[in-house]
Peer 1: 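Right, I'll just put the structure down here and ask away after.
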There are 2 protein chains.
Amino acid sequence: MASQAPAATRPPDTEQRIFDAALTVFARKGRDGARLQEIADHAGINRALLHYYFRTKEQLYEAVFEHGCRQFMAGLSQSLRAEEGVEDCLRAFVYGYIDYIYEHQDMARLMLNECLCGGGVLERHLAAATEAREEVPGLLLEDRLRAAIGAGEIREIDLRHTLLTIVSACLFPFVALPTVRLFHSRAVEDFDRFLQERKAHIVDLLLAGLRPTEGVRRGKLA
Amino acid sequence: MASQAPAATRPPDTEQRIFDAALTVFARKGRDGARLQEIADHAGINRALLHYYFRTKEQLYEAVFEHGCRQFMAGLSQSLRAEEGVEDCLRAFVYGYIDYIYEHQDMARLMLNECLCGGGVLERHLAAATEAREEVPGLLLEDRLRAAIGAGEIREIDLRHTLLTIVSACLFPFVALPTVRLFHSRAVEDFDRFLQERKAHIVDLLLAGLRPTEGVRRGKLA
DNA sequence: AGACTGTTAAACGATTTGGATAACGCGAGG
DNA sequence: CCTCGCGTTATCCAAATCGTTTAACAGTCT
């Protein structure tokens, strides 16, 4: 296996280049739509070399997904460092999440692409990751929020849905970028600034939405 | 053109069956990943008949996207009937949005798939729709929210980001369903009930998050 | 009967995939 | 120094598949 003995003669970063190229192409064209030739071109290598490293297209996809998925989840968990207060914790989550997705947009798109065509592979890998007790990014925040509810720092609310809402708000703008661009002209002019605004907005809205209710009925404005 | 004279001899719903089949397959496999054979099988017809109705794969995709997109947007706008109060308006939007997406999941997936591979076609069609002064679903709610800010019914907040957050919270669970299932066991057991919970949660969180601040600093819990 | 429409079967050319082959460059080790 | 192994390229190949075209068939209407 080439991955086990990478530096036999020269140090070939070829495998990594293939990984990156395959990730990009698979993320855009999907498992079936991606062409090996396009991946090879993107990696600047011969098509035969793809078969040298990964015997078949299937194995290449599996490897890219497996490796990428594991690395993605691990890195994401790491980037979401635990903070002291709920507020800082939530802020760190949102900021860390968006920053991380920004650096790994292709992986996010690949996972979503898997979702679109059934999600069999994705489910398998995620299930394996959670079963292996690996850190699942959102669960730490959920635990922290649960504690905050107990302490009366935030109001009682369905945490599963809250977490899903947070992830949605952070992730969706990336995968739906072309649509977002139409209404958010700033997202096309200055994407970085748009993301900064987005982070602040999400945290702002969430903190207000989770603030303990002081005699105010839920689901009512005033 | 077959679409102009559908009932020359028999009333063949073939064209519609092709549309539906193509939508389903394109939504899952993407523009390039979709195979005409799979579409034909899904529609229960011969592969050659696809070319009889739509000359090429390109034209089939374009037709499905064009027609589906227009119908989708129009129907969505209609389902989001205007309410009197801001609160009812927002509730109607969230409930209507989720209900509508539920009935048109394939179209939502197709649009997202377009986003993943660049979004050129999607941008063109959406731009044409907005330019033609057609009703863009979110904009009505945005106007209503703006008025509510003026009336002091909700606090001052970036409406573009708020709207994006709302759409994200409603839409993302559909496209990321396989992932959601892992953490939301109810989404797999009883999807309808999950969606009911989801609607209520989103409205609840939003109303709380938009509630006018009474001397409380923004971005702070207490 | 003739014309027209929806439909199918069969075939064509081009592309894709998986794989094989030979050859080349180059470092490592005998 | 020579040889061997490994990464790499070029080239070719068989099989499958894809998109597309063509010819023929089966109804229906006039």
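We use all heavy atoms of the structure for the numbers below, so side chains are in, but hydrogens, waters and symmetry mates are not. Residue numbers begin at 1 in each chain, while the letters A, B, ... track the order of the sequences.
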Peer 1: D:dG7 phosphate, OP1 or OP2: any side-chain N/O from A:Tyr52 under 4.0 angstrom?
Peer 2: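 Yes, such a contact exists.
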Peer 1: Taking atom types as modelled, find out whether B:Gln37 and B:Asp41 have a side-chain donor-acceptor pair closer than 3.5 angstrom.
Peer 2: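 A pair is found: one side chain offers a donor N or O, the other an acceptor, under 3.5 Å apart.
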Peer 1: With a 4.0 Å cut-off on N to O distance, would you call B:Asp106 and B:Arg28 a salt bridge?
Peer 2: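 Answer for the salt bridge query: yes.
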Peer 1: Nearest-Å distance, CZ (A:Arg55) to C1' (C:dA20)?
Peer 2: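 Rounding to the nearest Å, CZ of A:Arg55 and C1' of C:dA20 are 12 Å apart.
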Peer 1: Can you name the residues that form a ring pair (Phe, Tyr, Trp, His ring centres under 6.0 Å) with B:His42, not counting sequence neighbours?
Peer 2: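 Ring pair (Phe, Tyr, Trp, His ring centres under 6.0 Å) check on B:His42 returns nothing, list empty.
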Peer 1: For B:Asp13 and C:dG6, what is the distance between atoms CG and C1' respectively, to the nearest whole Å?
Peer 2: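 After rounding, the gap between these two atoms is 12 Å.
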Peer 1: Establish, with yes or no, whether the OP1 or OP2 oxygen of D:dT20 is under 4.0 angstrom from a side-chain nitrogen or oxygen of B:His51.
Peer 2: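 It does, given that an N or O in the side chain of B:His51 lies less than 4.0 Å from OP1 or OP2 of D:dT20.
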Peer 1: Does D:dG7 have OP1 or OP2 sitting under 4.0 Å from an N or O in the side chain of A:Tyr53?
Peer 2: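 Answer is no, no contact under 4.0 Å.
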Peer 1: With B:Asp32, which residues qualify under salt bridge (charged side-chain N to carboxylate O under 4.0 Å, His left out), at least two apart?
Peer 2: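 Counting only residues at least two positions away or on another chain, B:Asp32 forms a salt bridge (charged side-chain N to carboxylate O under 4.0 Å, His left out) with A:Lys29.
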Peer 1: Salt bridge check: are A:Asp143 and A:Arg146 linked by an N-O gap of less than 4.0 Å?
Peer 2: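 Here A:Asp143 pairs with A:Arg146 in a salt bridge, since their nearest N and O are under 4.0 Å apart.
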Peer 1: Over how many whole Å does the gap from A:Glu58 atom CD to C:dG19 atom P extend?
Peer 2: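 Computing the A:Glu58:CD to C:dG19:P distance gives 12 Å.
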Peer 1: Within the pair B:Thr14 and C:dT7, is there a side-chain N or O less than 4.0 Å away from OP1 or OP2?
Peer 2: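 True: B:Thr14 side-chain N/O within range (under 4.0 Å) of C:dT7 OP1/OP2.
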Peer 1: Which residues, if any, of residues 32-50 of chain B bring a heavy atom under 4.0 Å of DNA chain D?
Peer 2: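 Going residue by residue through residues 32-50 of chain B, the ones with a heavy atom under 4.0 Å of DNA chain D turn out to be B:Ala34, B:Arg35, B:Leu36, B:Arg47, B:Ala48.
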Peer 1: Thinking salt bridges, do A:Glu114 and A:Arg124 make one under a 4.0 Å N-O criterion?
Peer 2: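 No salt bridge links A:Glu114 with A:Arg124.
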Peer 1: Rounded to whole angstroms, how far apart are CD on A:Glu15 and C1' on D:dC6?
Peer 2: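 Atom CD in A:Glu15 sits about 14 Å away from atom C1' in D:dC6.
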